[in-house]
Amino acid sequence: MHVIVDRELCVGAGLCVLSAADLFDQNEEDGQVVLRDAAAQLSTERALAAAQLCPSGALSAVEGTAR
Amino acid sequence: MIDALHIPDFPMQRTCPFDPPQEYAKLRVEHPVSQVRAPTGQIAWLVTRYEDIRMLLNDPRVSADRRHPNMPLTEEVTPQTRRNIAEVGRSLIGLDRPEHGPRRKMLMAEFTVRRMAAMRPHIQHTADELIDAMLAGPREVDLLTALALPTPTRTLCELLGLSYDARDIIQRSANAQLRRSVSAEERQQTSAELRAYVDQVVREKTAAPTDEDLLGRLVLSNRETGLYDHELMVGLTMLLLVAGHETTASMIALGVTGLLQQPEKIPGIVADPAAAAAAVEELLRYFTVVDALPRVAVGDIEVGGVTIRADEGILLSFASANWDDEAFPDAATLDLARPARKHLAFGYGIHQCIGQNLAREELHIVFRTLFSRIPTLRLGADLDDLPFKKDSNIYGIDALPVTW
C-alpha cells in the first residue's frame, strides 16, 4: 500500500509526524504535511494507521504502488 | 424507550471521580444519538459513539458557527456573552470550510511538531524551577498551584510573548469561563477583563513586533499578507490562552493522580520516553478533560438510527467516545501501555486542537521530571476526598495535596 496526501485538507495537527516521522514531515513555512517519499511502499498496517489518525482526511491509504 | 416528556439534562453528572458520567455507557448501546437539554434550555442531540462522532466531525453538514441561534452551549450565558462567544469564534473555532482553512494556516507553522519540540528546554526549565521550589519547602504541597497551573501559564506566556505578571488574570478568567457554578454575569465580567488585557497586549505587540514570539510573528506575517486585523488578533490570543491553560493544568493534576494509582508502572515511564509517550496518550484518553463540544446541523443527517434535521443542535461527547469499547477494548481500564493515540481528547476534524503537541510536550516533561526528582511522591489525601471539579466544562481537581 501507499499513502496519498491532499495538502489542501491538512490542518497541521501533526499526528502523522508524531507517529511516523520517517514517512511524514511538516513544511516550515505553512505547517502542512510533506510526504518524505511519495513512492514509499508501506505495510497495510502503517498506511491505514496514518490515514486513520489524520483528523481532516488529508491522508488516504491506497492499494498498490504509487504512480 | 426514551420518555418523550423527560429529556435529560446535559452535562450529566459524574459519580466516580475518574469515570465519565455513567449514563454514557447505556446511551452508547441503546440510544447512541439522543436528545438532551443544555444549560441554556436548548434541546440538542447528544452523540456518544466514537465512530459516529468521527464521521460527523468531517461531515460538511455539521457546522461550528457559534452565531447560529440553535448552537447549544454547555454553560448558562447572558445574551452579551453569547454574542461574544459567537464573535471570538469568528477568529477560528467557529469557522467552517472554506473560511476556516486560510485562518488555521495562519497558525499552523507555529504549532508544528518540530516547533513544539523546540519548546522542550523552556518547559524543562520551568518544570525544574517549580520542582526546586517544592523541594525547598515543607513536604506537603498543593500540586495544582505548585506545578499543574504554573507550567502551562509560563509556557503560554513564553510562547506568545506575554509578561508572566499576566498569570493572575489569565488563571482567574480561564477558570471563570469554564465553571458552571460561576454566574452568567460574573462570566461576562471576567471575560471582559481578559479581553481588555489581551487588547492592550495586542496593541503593544503591534506597535513593536519582534520575531521572538508567536504574537509578534503573527503581526509581522499578517502585515506581509495584508491580513492584519486587530479584533482577529485579540480573538486568536484569547482563544490560545483559554484553550491552552486550564486543559493542560487539569491533565497534569489528573494525570499525576492516575499515575499514582499504578505506582509500579512509574519507574518504566520515567526511564523510557516511548513508554512515557504512550502513557500520556492513555491518560489523555482516560480523563478526556473536555467532555463535549457543540455543533449545529446545516442539513439533514442520518446517524445512529435517528435523523438530525437542519438547524438542530448537536453535542459531541469526546469523553463518551474515548470510553467506547468498540474503539478501545476494555476502555474503562487505565492501561498505560495501550496504543491510545487515536483518542478524541483533542477533538477531531478540521478543528482538532492546534496546540495538542505543545500539551503533549508539557505532560511528557512534567510527569517524567516530577517522578524522576521525587520518586516517593504520593497523594496527601484519600482519592475520594479530592475536590474533583464536578461543575466545570473542563474536568479537573481544585487542589491536589501531595507529599513525599
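Computed over heavy atoms, backbone and side chain alike; hydrogens, waters and symmetry mates excluded. Per chain, numbering begins at 1; letters A, B, ... match sequence-line order. None of these values were measured; they are calculated from a predicted model.
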Picking from B:Arg115, B:His100, B:Lys105, which has the most non-hydrogen pairs under 4.5 angstrom with chain A?
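Answer, by heavy-atom pair count under 4.5 Å with chain A: B:Lys105.
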
Between B:Glu110, B:Arg341, B:Gln356, which shows the greatest number of heavy-atom pairs under 4.5 Å with chain A?
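Among the listed options, the one with the most contacts to chain A is B:Arg341.
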
Please tell me if the side chains of [X] and [Y] come closer than 4.5 Å, counting only heavy atoms from C-beta onward.
X: B:Arg114; Y: A:Asp25; value: yes
X: B:Arg360; Y: A:Leu18; value: yes
X: B:Arg97; Y: A:Ser56; value: yes

Distance (rounded to the nearest 0.5 Å) between B:Gln352 CD and A:Leu53 CG
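So the CD of B:Gln352 and the CG of A:Leu53 are separated by 9.0 Å.
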
Please classify the contact of A:Gln52 with chain B as side chain, backbone, both or neither, using a heavy-atom distance under 4.5 Å.
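Looking at A:Gln52, backbone and side chain both touch chain B.
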
Mark yes or no for whether B:Tyr348, through its side chain, and A:Cys54, through its backbone, hold a donor-acceptor pair below 3.5 Å.
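Between the backbone of A:Cys54 and the side chain of B:Tyr348 there is a qualifying donor-acceptor contact (under 3.5 Å).
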
Can a donor-acceptor pair be found, under 3.5 Å and without considering hydrogens, that links the side chain of A:Asp30 to the backbone of B:Met108?
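Between the backbone of B:Met108 and the side chain of A:Asp30 there is no qualifying donor-acceptor contact (under 3.5 Å).
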
Among A:Gln32, A:Glu8, A:Glu29, who wins on heavy-atom pairs under 4.5 Å with chain B?
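Of A:Gln32, A:Glu8, A:Glu29, A:Gln32 has the most heavy-atom pairs under 4.5 Å with chain B.
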
Heavy-atom pairs under 4.5 Å with chain B - which of A:Pro55, A:Ser19, A:Ala21, A:Gly12 has more of them than the others?
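Greatest number of close heavy-atom pairs with chain B: A:Pro55.
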
